[in-house]
Peer 1: 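Next up is a structure, given as structure tokens.
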Amino acid sequence: MATHKIDRISEDVRRELTDIFRMLKDPRITGMLSIVHVEVTNDLSYAKVHVSSLEGFEAAKGAVKGLKNASGFIRREIAHRLKLRHAPEFLFVADDSIETGAEISRLIEQVKKKDGGHEEL
């Protein structure tokens, strides 16, 4: 398959997963969960989903456990919504990129306060 088709399917899966995550009632899956990246294999048999939480890496790990428990429901919903004959098997991975980004922003703000707010370019 062409890579543009895989990219399109990956983006469609990401969009639909965002909506499906809101429907899930598992307490481990919080509203502060974000999908960082979706990688779908060329044969559409697997999809690796990187998820991150604003509440930290430990919350993301807990959410991954909840998502693994709900993977059958998620797979069925994706197949139905995207009209796929064979829905990919989902592999959820905890990612700390949001937490890292927030930490970098906090450090930049500290430097700005320490510098007195002066910017030199």
Side-chain angles (χ1 to χ4, degrees):
M1 283 188 212
T3 59
H4 65 278
K5 182 175 182 179
I6 297 297
D7 292 342
R8 189 188 77 224
I9 290 173
S10 295
E11 193 57 37
D12 289 344
V13 167
R14 182 174 191 248
R15 184 189 67 243
E16 293 300 331
L17 282 176
T18 301
D19 188 44
I20 291 170
F21 284 3
R22 290 188 200 125
M23 295 173 41
L24 297 175
K25 295 181 177 155
D26 192 318
R28 296 173 287 191
I29 304 168
T30 63
M32 304 304 274
L33 196 64
S34 176
I35 300 170
V36 177
H37 184 67
V38 176
E39 299 171 34
V40 177
T41 58
N42 287 337
D43 61 355
L44 301 178
S45 60
Y46 292 97
K48 185 185 269 189
V49 181
H50 298 267
V51 294
S52 185
S53 176
L54 289 175
E55 298 166 356
F57 188 63
E58 292 303 317
K61 284 182 184 179
V64 165
K65 290 179 184 176
L67 291 169
K68 284 181 183 177
N69 285 344
S71 64
F73 171 77
I74 293 170
R75 190 173 184 189
R76 185 190 66 189
E77 282 292 312
I78 289 292
H80 176 71
R81 290 176 181 208
L82 298 180
K83 298 181 181 18
L84 297 174
R85 181 175 290 159
H86 299 288
E89 185 175 330
F90 290 98
L91 306 170
F92 296 102
V93 179
D95 194 334
D96 65 345
S97 61
I98 290 180
E99 186 178 12
T100 303
E103 178 67 18
I104 290 171
S105 293
R106 187 182 62 76
L107 291 172
I108 290 172
E109 288 301 318
Q110 282 181 350
V111 169
K112 283 184 179 179
K113 287 179 184 176
K114 189 182 220 182
D115 190 32
H118 301 311
E119 290 186 20
E120 291 184 29
L121 297 178

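Worth knowing before you read on, the calculation uses all heavy atoms, side chains too, and leaves out hydrogens, waters and symmetry mates.
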Peer 1: Rounded to the nearest 0.5 Å, what's the gap from CG on Asp95 to CD1 on Ile35? Could you check?
Peer 2: 12.0 Å
Peer 1: Which heavy-atom pair separates Ala59 from Ser53 by the least distance, and what is that distance?
Peer 2: CB-OG, 3.7 Å
Peer 1: Ignoring hydrogens, what is the shortest heavy-atom contact between Arg14 and Thr18? Give both atom names and the distance.
Peer 2: O-OG1, 2.9 Å
Peer 1: Minimum heavy-atom separation for Gly66 and Asp26, please, with both atom names.
Peer 2: CA-OD2, 3.5 Å
Peer 1: Do Val36 and Ile6 share a hydrophobic cluster, counting only Ile, Leu, Val, Met, Phe, Trp and Tyr and linking them when any side-chain heavy atoms are less than 4.5 Å apart?
Peer 2: no
Peer 1: Would you indicate whether the side-chain heavy atoms of Thr3 and Asn42 approach each other to under 4.5 Å?
Peer 2: no
Peer 1: Could you give the distance from CD (Glu77) to CG (Asp19), rounded to the nearest 0.5 Å?
Peer 2: 9.0 Å
Peer 1: Which heavy atom of Val64 sits nearest a heavy atom of Ala94, and at what distance?
Peer 2: CG2-N, 3.5 Å
Peer 1: Measure the CD1-CE distance between Ile74 and Met23 for me, rounded to the nearest 0.5 Å.
Peer 2: 10.0 Å
Peer 1: Is there a path of hydrophobic side-chain contacts, each under 4.5 Å between heavy atoms of I/L/V/M/F/W/Y residues, joining Val40 to Val93?
Peer 2: no
Peer 1: Could you work out, with side chain to side chain donor-acceptor pair (under 3.5 Å) as the rule, every residue matching Asn69, not counting sequence neighbours?
Peer 2: none
Peer 1: Looking at side-chain heavy atoms only, is the closest gap between Val51 and Leu17 below 4.5 Å?
Peer 2: no
Peer 1: Going by atom type alone, with no hydrogens or angles, which donor-acceptor pairs under 3.5 Å involve a side-chain atom of residues 82-90 and a protein atom two or more places apart or on another chain?
Peer 2:
none

Peer 1: Say whether Val13 and Leu24 are linked into one hydrophobic cluster, either directly or through other cluster members, by side-chain heavy-atom distances under 4.5 angstrom.
Peer 2: yes
Peer 1: For the residue pair Arg81 and Ile20, establish whether any side-chain heavy-atom pair is separated by less than 4.5 Å.
Peer 2: yes
Peer 1: At what distance, to the nearest 0.5 angstrom, does CD1 of Ile104 lie from OG of Ser97?
Peer 2: 10.0 Å
Peer 1: Take Leu67 and Val49 through the side chain to side chain contact (heavy atoms under 4.5 Å, CB included) test and state the conclusion after the steps.
Peer 2: CA-CA 10 Å; Leu67 291 169; Val49 181; over 6 Å; no
Peer 1: Charged N to carboxylate O under 4.0 angstrom, Arg106 versus Glu103?
Peer 2: yes
Peer 1: So Glu39 and His50, do their side chains get closer than 4.5 Å, heavy atoms only?
Peer 2: yes
Peer 1: Is any NZ, NE, NH1 or NH2 atom of the basic residue among Lys61 and Glu58 found under 4.0 Å from an Asp or Glu carboxylate oxygen of the other?
Peer 2: yes
Peer 1: Tell me the closest heavy-atom pair linking Asp43 and Thr41, and the distance in Å.
Peer 2: OD1-OG1, 2.8 Å
